[in-house]
Visitor: 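Following this message is one structure expressed as structure tokens.
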Number of protein chains: 2
Amino acid sequence: MDSPVLRSPRGKDVPGPIRAATPSRRTGTHACTRCLVRHLAVCTALSTDQTEALDAMAGDVRLQAGQMLAREGDVRRYVFTVTSGALRRIRVLPDGRRLVAGFLMPGDFIGFSGASHYRHSIEAISDSVLCSIAQADMRELCERHPGLEHELLERACVELDATRNNLMALARMTPLERLAGFLLDMAARRQRQGIGGNQLVLPMTRADIADYLGLTVETVSRSFTRLRQDGMISAADPHHIELLDPKRLQALAEARA
Amino acid sequence: MDSPVLRSPRGKDVPGPIRAATPSRRTGTHACTRCLVRHLAVCTALSTDQTEALDAMAGDVRLQAGQMLAREGDVRRYVFTVTSGALRRIRVLPDGRRLVAGFLMPGDFIGFSGASHYRHSIEAISDSVLCSIAQADMRELCERHPGLEHELLERACVELDATRNNLMALARMTPLERLAGFLLDMAARRQRQGIGGNQLVLPMTRADIADYLGLTVETVSRSFTRLRQDGMISAADPHHIELLDPKRLQALAEARA
DNA sequence: CGCTTTGTTGACGGGGTTCAACCGCAGTGG
DNA sequence: CCACTGCGGTTGAACCCCGTCAACAAAGCG
């Protein structure tokens, strides 16, 4: 049985001590019942004793920052749930133009796709841990527990809603509005993880944000400074943002006022 | 039992002879087994005798061009399958900026959303007929026939893939590339309906296309003429396009060459 | 230490939006 | 019948925002 391939973003496999745990075998660290993101993940749909079956199939994957979990075009053999860390879902055009189709955070499920091959590459932004299950196992699990499939559908719909929201941002919003919306989204995600407050940690680079919002790094940078000048945010450093005026950010993001 | 509200785009209910059939009751014209889009729709997941249960719950909705099937913000009570015609899924910002989040064609399912309220308005572009089922009935049907839920998940994933493709277009493609991709998409959809060939009928206006591609009408119009000048398409009238050079259009849409 | 990466800021130019005019067509009503 | 109106579509001209190019600072890292 092969394991999900780990590659560096540039295509060379990353050497070194850190390799993927073979997903088909339980690693020492894996134990669904003690999972930190169980309340966030699809597995909530399973009762405690049903979880045993899942546990037997699941394995951990550990990635260090910059490593690639999946490459666009590869055959999809596994689905994943993010346990910790942050990843990006990207696609690159032949001429180098890049899109970040989304960011993946703890609790997020990776595997909603109708295609047999990956439509995007998935790279770790920071060191990350994922729970992996072979697609075949997942299918079997779904057949045995319809509640799981229902939960998956539910989540796919939520993700569809979110993606459609991004369409609006990309099609019709100004850079400032896009950034405001992005920051609020990230804050909302944080809240869902139980980390409230207006402090925000952005693990991704400005380039990631730019490719996510359909802008250039320069425009993103300028938009950050404008939000800062206008008193809506403050930033200790580029990756630590405080939302000083969420109301006004909201108004921006919704194009009111 | 109330029926899906039909409104004109401006908000006034449309008077006149054409009203929605009450979806909870079978209308004379409804009969799943004779459905023209059965092979395209989610109902393929049901066997012939299972279809009887569906038949009892389903009803037809008829819309004339311009009528509204659902309004952004309304409570979602029904899900639909497009039988004939064409519709658009739209959202409008307070200041008038408009987004067309997608076009709905025969066989398409309307109802993938995690939200309890509509996130978009849905308007008929041309006269359309839809098959409607109350959400509660749909849920019950899913519980009784897990195959249906599986099919729904499958389709939600396909739609998610398609929406993510649009993200790339909106974020990083030039107007010409977006239009090329759009035309090919429409052609592919046509093919799925069994209407092959390079002839293309676009029921929507240039404004719809513009708001779908994140451009202005002017830019869309100019892009059409450029494609025409470059010999990639020809147009009898604005709504009837012939794809003269699909290969080159493909290259454009994929940003090759 | 150099070297690379990341982020910010300035100057400039171009592509797409904005503004405007025009055409063809379908209603509409005198 | 025909003027009038509105809408959809196309094209031209001017503007401006954002992308491009460039320089620089700061941090990370061998």
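Just so we're on the same page: letters track the sequence lines, and every chain starts at 1. As the structure is a prediction and not an experimental result, all values here were calculated from the model.
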Visitor: Provide, to the nearest angstrom, the distance between the CG atom belonging to Asp211(A) and the P atom belonging to dG7(C).
Guide: 12 Å
Visitor: Starting at atom CG of Leu176(A), determine the distance to atom C1' of dC17(D), rounded to an integer number of angstrom.
Guide: 13 Å
Visitor: For the atom pair CD1 (Ile110(A)) and SG (Cys131(A)), what is the distance rounded to the nearest 0.5 Å?
Guide: 11.0 Å
Visitor: Report yes if a side-chain nitrogen or oxygen of His239(A) is closer than 4.0 Å to either non-bridging phosphate oxygen (OP1 or OP2) of dT6(C); otherwise report no.
Guide: no
Visitor: How close or far is atom C1' of dC17(D) from atom CE of Met173(A), stated in whole angstroms?
Guide: 17 Å
Visitor: I'd like to know if the side chain of Arg178(B) and the backbone of Ala169(B) have a donor-acceptor N/O pair within less than 3.5 Å.
Guide: yes
Visitor: Could you check whether any side-chain N or O of Arg91(A) sits under 3.5 Å from a backbone N or O of Asn165(B), counting only pairs where one atom can act as donor and the other as acceptor?
Guide: no
Visitor: Whole angstroms only, please: what is the CZ-P distance between Phe224(B) and dG8(D)?
Guide: 15 Å
Visitor: Please state how far atom CD1 in Ile241(A) lies from atom P in dG7(C), giving the value in whole angstrom units.
Guide: 11 Å
Visitor: With a 3.5 Å distance limit and no angle check, can you tell me whether Ser132(A) reaches the backbone of Phe80(A) through a side-chain donor-acceptor pair?
Guide: no
Visitor: Check the interface with nucleotides 11-13 of chain D: list each N/O to N/O pair with the protein under 3.5 Å, or write none.
Guide:
unit_1: dG12(D); atom_1: N7; unit_2: Arg222(B); atom_2: NH1; d: 3.0
unit_1: dG12(D); atom_1: O6; unit_2: Arg222(B); atom_2: NH2; d: 3.3
unit_1: dA13(D); atom_1: N6; unit_2: Arg222(B); atom_2: NH2; d: 3.4

Visitor: Could you tell me how far apart Arg226(A) (CZ) and dT8(C) (P) are, to the nearest whole angstrom?
Guide: 16 Å
Visitor: Give a yes or no answer on whether the side chain of Arg172(B) reaches the backbone of Leu215(A) with a donor-acceptor pair at less than 3.5 Å.
Guide: yes
Visitor: In whole Å, what is the span from the CZ atom of Arg178(B) to the P atom of dG15(C)?
Guide: 15 Å
Visitor: dG15(C) P sits how many Å from Leu215(A) CG, rounded?
Guide: 19 Å
Visitor: Does Arg98(A) use its side chain to pair, donor to acceptor, with the backbone of Ile90(A) at less than 3.5 Å?
Guide: no
